[in-house]
Amino acid sequence: MLTFIGLGLYDETDLSLKGLERIRDADHVFLEHYTSVLTGTTTEKMESLFGKKVRYLYRDDVEGHPESFLALAKDEDVAFLTAGDPMVSTTHIDLRIRAAAMGVDTAIIHGASIVSAVCGLTGLQNYRFGKSCSLPFPYGKWAPTTPIEVIEHNMAENLHTLVYLDIQPDRYMRIPEAVAMLEKMAADRGTSIPLYVGVARAGSPAPVVAAGTAEALAGVDFGGPLHILVVPGELHVMEREYLSAFAGL
């Protein structure tokens, strides 16, 4: 059995009791460590709570060569841990399909997701979000145009855009960097983004939420990772009131 278990947003205490019970009963515990991370905890804290050794999996382990740990799940119980909710990531959807093709039984224990947490922290209504996008760090002179294309499409439909910021082994993209990149993309296309909403460390005891123009957010100290960004469509009166009360709009 392969069980996908969401760990939640920030630290080891976000884990559900159901998830904890399944981890403690597992023969093997793996933690996927590249689509997202829990920045409020450590391996030692997790292993102490779980009573199990945690082995890390990276991109190539999951997307390139998952056969080794999937084979274990044919005869033993394998816990596959992820930050947030496991099935928000298409990588994990693909992994479940691969497991089924190998004859491995699977199950899912959901965790708190940034998708819903952003709505709670910003007051932006969940049914008004369009397609989301990811914003990677530039690679040399190359930078993708997909993010601004998605944002433009959503804005034309009066929808909000959730922008996932790049996570790499040695660095995390921060809101000011992301805003500066999007501002350049927008200027290159002769368009503009009137409002941003930044969220830092959702799920922590002290998340930071700030809304405003690019210039306004450049002066906000969002602190440490993880960061995520929203480009809203036209605000509903209640959304504007919420952002005014809780995000400094």
Side-chain angles (χ1 to χ4, degrees), residues 9-10 36-37 39-40 84 88 112-138 143-168 171-249:
L9 296 168
Y10 184 68
S36 188
V37 296
T39 58
V88 169
S113 168
I114 191 61
V115 174
S116 56
V118 159
C119 295
L121 289 169
T122 66
L124 297 173
Q125 297 161 358
N126 70 314
Y127 60 86
R128 295 197 57 220
F129 278 79
K131 182 181 178 179
S132 60
C133 61
S134 297
L135 183 63
F137 286 108
T145 59
T146 300
I148 193 64
E149 292 168 0
V150 170
I151 290 168
E152 287 177 344
H153 175 78
N154 285 342
M155 290 179 69
E157 299 293 327
N158 200 23
L159 298 173
H160 309 320
T161 307
L162 186 62
V163 183
Y164 294 96
L165 307 188
D166 200 0
I167 299 172
Q168 296 189 0
R171 58 179 176 168
Y172 303 92
M173 186 179 291
R174 298 171 186 265
I175 291 161
E177 294 175 90
V179 169
M181 289 173 62
L182 291 176
E183 284 289 291
K184 184 179 186 308
M185 290 181 194
D188 289 344
R189 294 171 67 88
T191 187
S192 63
I193 299 174
L195 181 66
Y196 296 90
V197 183
V199 177
R201 294 176 307 288
S204 75
V208 175
V209 184
T213 63
E215 183 180 7
L217 290 198
V220 176
D221 181 7
F222 285 96
L226 293 175
H227 292 190
I228 197 163
L229 189 65
V230 182
V231 177
E234 185 178 346
L235 297 176
H236 181 275
V237 61
M238 187 177 293
E239 293 176 318
R240 184 171 293 278
E241 183 178 354
Y242 196 102
L243 288 171
S244 177
F246 299 108
L249 182 64

inquiry  = For Asn158 and Arg128: C-alpha separation, side-chain torsions, deciding distance, then whether side-chain contact (heavy atoms from CB on, under 4.5 Å) applies.
reply    = CA-CA 8 Å; Asn158 200 23; Arg128 295 197 57 220; 3.4 Å; yes
request  = Apply the test side chain to side chain donor-acceptor pair (under 3.5 Å) to residues Tyr196 and Glu183: give CA-CA distance (whole Å), side-chain angles for both, the deciding distance (0.1 Å), then the verdict.
outcome  = CA-CA 11 Å; Tyr196 296 90; Glu183 284 289 291; 2.6 Å; yes
query = Going through the checks in order, is the side-chain contact (heavy atoms from CB on, under 4.5 Å) test met by Tyr172 and Leu165?
reply = CA-CA 8 Å; Tyr172 303 92; Leu165 307 188; over 6 Å; no
key: Working for side-chain contact (heavy atoms from CB on, under 4.5 Å), residues Val88 and Ile114   = CA-CA 9 Å; Val88 169; Ile114 191 61; 5.7 Å; no
request  = Could you please spell out the steps behind the side-chain contact (heavy atoms from CB on, under 4.5 Å) verdict for Tyr10 and Thr39?
outcome  = CA-CA 6 Å; Tyr10 184 68; Thr39 58; 3.7 Å; yes
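No donor-acceptor pair closer than 3.5 Å links the side chain of Asn154 to the backbone N or O of Phe129. A distance-only check finds no donor-acceptor pair linking the side chain of Asn126 to the backbone of Cys119 [under 3.5 Å]. Distance alone, capped at 3.5 Å, is enough to place a donor-acceptor pair between the Arg201 side chain and the Gly224 backbone. Using modelled atom types, no side-chain atom of Tyr242 and backbone atom of Ala247 make a donor-acceptor pair closer than 3.5 Å. Remark: side-chain polar atoms of Arg240 are not paired, donor with acceptor, to backbone N or O of Glu234 under 3.5 angstrom. Under a 3.5 Å cut-off, the side chain of Ser204 and the backbone N or O of Ala206 do form a donor-acceptor pair.
A distance of 11.5 Å separates CG of Leu249 from CD of Glu241, quoted to the nearest 0.5 Å. Note: Thr161 OG1 to Leu124 CG = 11.0 Å, rounded to the nearest 0.5 Å. Here OG of Ser244 is found 13.5 Å from CD of Glu239. Values are rounded to the nearest 0.5 Å.
The environment of CD in Gln125 is crowded: more than 12 heavy-atom neighbours from other residues, nucleotides or ligands sit within 6.0 Å. Environment of CD in Gln168: crowded, with over 12 heavy atoms of neighbouring residues, nucleotides or ligands closer than 6.0 Å.
Residues Glu177 and His227 have side chains that never bring a donor and an acceptor to within less than 3.5 angstrom of each other.
Closest approach of Pro147 to Cys133, counting heavy atoms only: CA-SG, 3.9 Å.
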